[in-house]
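Presented below is the structure to which this report refers.
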Amino acid sequence: MPRFAMTVDEKLCVTCNACVVACKSENGVPAGAVRCWTLQAERGTFPNLSLETRSERCNHCENAPCVNACPTGASHHEPGGIVAVAKGRCVGCKACIAACPYEVRYIHPEGYVDKCSFCTHRTREGKDPACVAICPTGALAFGDLDDPHSEVARHLRTRRFFVLKPEEDTRPRLFFLV
Amino acid sequence: MSIALASLVEPGAAKRLLLLFGANPADPPPLRRGKRLLQATLVAAGAGAVAGIVAFARGHHVMGTTSEIPWGVLIASYVFFVATSTGLSLVGSLGHVFGVRLFEPLAKKASLLALATLLMGLVCIGTELERPLLLVAMAITSPNPTSPIWWMGALYGIVTVVVALDLYYLLAEDHAKAKAVGVVAVVAEIAANSNLGFVFGSNHARPFWHGPFMPVYFIVTSLVSGAALLLTAICVEDYFAHGRLRGGNAPLARGLARLLASLLAVMAFFTIWRILSGAQGGHRHVSEATLAFVVGPMFTSFWFFEVFLMYLVPFAILRGPMRERPAYLAAAGALPFAAMFVARLDFVYAGQMLSLRPVLGRAGEAIAYSPPFKGSPAGFLAYTPSIVEVLVVFGAMSGALLLYVAGLNVLRLGKEAGRD
């Protein structure tokens, strides 16, 4: 069974937002909502300044609080560890939104809760998620952690990385390379 | 079954119900005032029903909730109503389950009020859900036992049935079965309400809510709501019907007043330590939300409603000479009951008022966020209930009152319940 993950290279991300646009287009994300977004943060004071840039989305946690919180099992783990929402089972209670430490979910106009799905409709066919495919600098990579030849596995072996809010013990599958 | 239910209804019940809303020149002034209040309540309930239909049809577009603040006044109202229902059941059980004779006359009214508030709580949460009917189906066919909300639905579903049964056996004067079902009701209510506390307390993404004592806090606050509402009901009913507290109700009201004062003291103890430990520091979401209550934008909400109206005024009445006067006793019940609604809303909002997405740097430290409580609401996420939400809440409150009054006039509550 694969263990899908994504890496975001902060050294290569230029926050062009191509991933945001590609995601909205690929997944029909409604106006006013996003499944992924970019972030720029200045650090330090002049002249010792640095800029942290990255693209964020659902972290597809191994220990996902949203999956535990969902009363109907609409939020669930797919094979490969992707956290998905079965919209036919979602009743819109928003417990998952309240439970998510990363605020990655939004309420879809059709009444269910939605979020990044790592483009499962593409990954099932062996393709990369839309954001990974469109990224002009190659900052994003997607693959199987258990495949030693995959780009994500190689990155995590050779680069320093961090995850968001490790203290929450969610064990995210979204890694930020520094 | 229909014959059994019919025996619980007073003869001429339909006519009594109609007369409730019709003006009669022969009515004494308090009764006339009560009828006008009921007429206004009926209008409010109707407006709430229309708003509920609009919400059901249009979904979250007509709500003030957002993806950043997903739970708003309807969730707070649901908590308010079902917690009140738990408190009413538990206080009402003191008589017919635990044998405290002073409170025996309360049993039927408490059970009736518990059912009325529970049903309105379900109305609130049903309106809040995007797909309420699907939840019923999915909860049975696709349950997730790791979800505190699934357990909340299951337990309150059991509570609804048990409370209705309890009321039935009380009205049928089957004291043995009423006591047996009452015991089940007590266990079910404590399980359901403490689990409701766990829905919030288990959420470690929202530090303001997170903690092991939330289930206990919810039980204590539900007891306060129940005792307060029962005290108000006893005093107000007698006022509208007779202009004074009648003989049998006076010791009952005084007993409820003492109980309420004790429960308020316990709740004050919880509140003081929550504020002190929250303001002391630690997690930013806890300290800043707590300071928002004490010195920040929620200053008025906390100090006026949650302290002055919840504790100070009721204590002054319940422990002073004013406790001998029914009008003041009714206020001593009504004020904390009303303040509890504000407290529930404050609680639900405070857990969501800070964004979970401050910019985090490489070591996990927050490198960009606004400290929000320094005299300005900047940095706090804003939430304003929509007109639909407000109408649904007022409609639910009106619905509970109407159900209760209708029950008082239709059901065979008997002499000891204080109704002629």
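Letters A, B, ... are given to chains in the order of the sequence lines, protein chains preceding strands, and every chain is numbered from 1. Any value given below was found using the heavy atoms of this structure, including those in side chains, with hydrogens, waters and symmetry copies removed.
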### Message
Check whether B/F218 forms a cation-pi arrangement with B/R344 (NZ or CZ under 6.0 Å from the six-membered ring centre, at most 45° off the ring normal).
### Response
yes
### Query
Closest approach of B/S355 and A/E103, non-hydrogen atoms and distance?
OG-OE1, 3.2 Å
#### Entry: Smallest separation among heavy atoms of B/T65 and B/W71, with atom names
CG2-C, 4.0 Å
Can you tell which part of [X] gets under 4.5 Å to a heavy atom of chain B, answering side chain, backbone, both or neither?
X	value
A/A69	backbone
A/V113	neither
A/Y102	backbone
A/R105	backbone

Which one wins on heavy-atom pair count under 4.5 Å against chain B: [options]?
options	result
A/A98, A/P109, A/G111	A/A98
A/G92, A/P71, A/P101, A/G88	A/P71
A/V104, A/I97, A/T72, A/V91	A/V91
A/A99, A/A74, A/P65	A/A99
A/W37, A/F161, A/F176	A/W37

Let me know if [X] has heavy atoms under 4.5 Å from chain A in its side chain, its backbone, both or neither.
X	value
B/H61	side chain
B/E128	both
B/S202	neither

### Query
In chain order, what residues pass the side-chain hydrogen bond (donor to acceptor under 3.5 Å, both in side chains) check against A/K87, with sequence neighbours excluded?
none
### Task
Mind checking side-chain hydrogen bond (donor to acceptor under 3.5 Å, both in side chains) for A/R35 and listing every partner two or more places apart, or none if nothing turns up?
A/N27, A/D114, A/S117
#### Entry: Pairwise side-chain contact, B/H285 with B/Q352, heavy-atom cut-off 4.5 Å (strictly under)
no
### Query
So do the side chains of A/L177 and A/L156 get within less than 4.5 Å of each other, counting heavy atoms only?
yes
## Note on the structure
Of B/L134, B/L135, B/L129, the one forming a side chain to side chain contact (heavy atoms under 4.5 Å, CB included) with B/R131 is B/L134
### Query
If you count heavy-atom pairs under 4.5 Å with chain A, which of B/V199, B/T141, B/N203 comes out on top?
B/N203
### Query
Any Lys/Arg nitrogen of A/E56 or A/R54 sitting under 4.0 Å from an Asp/Glu carboxylate oxygen of the other?
yes
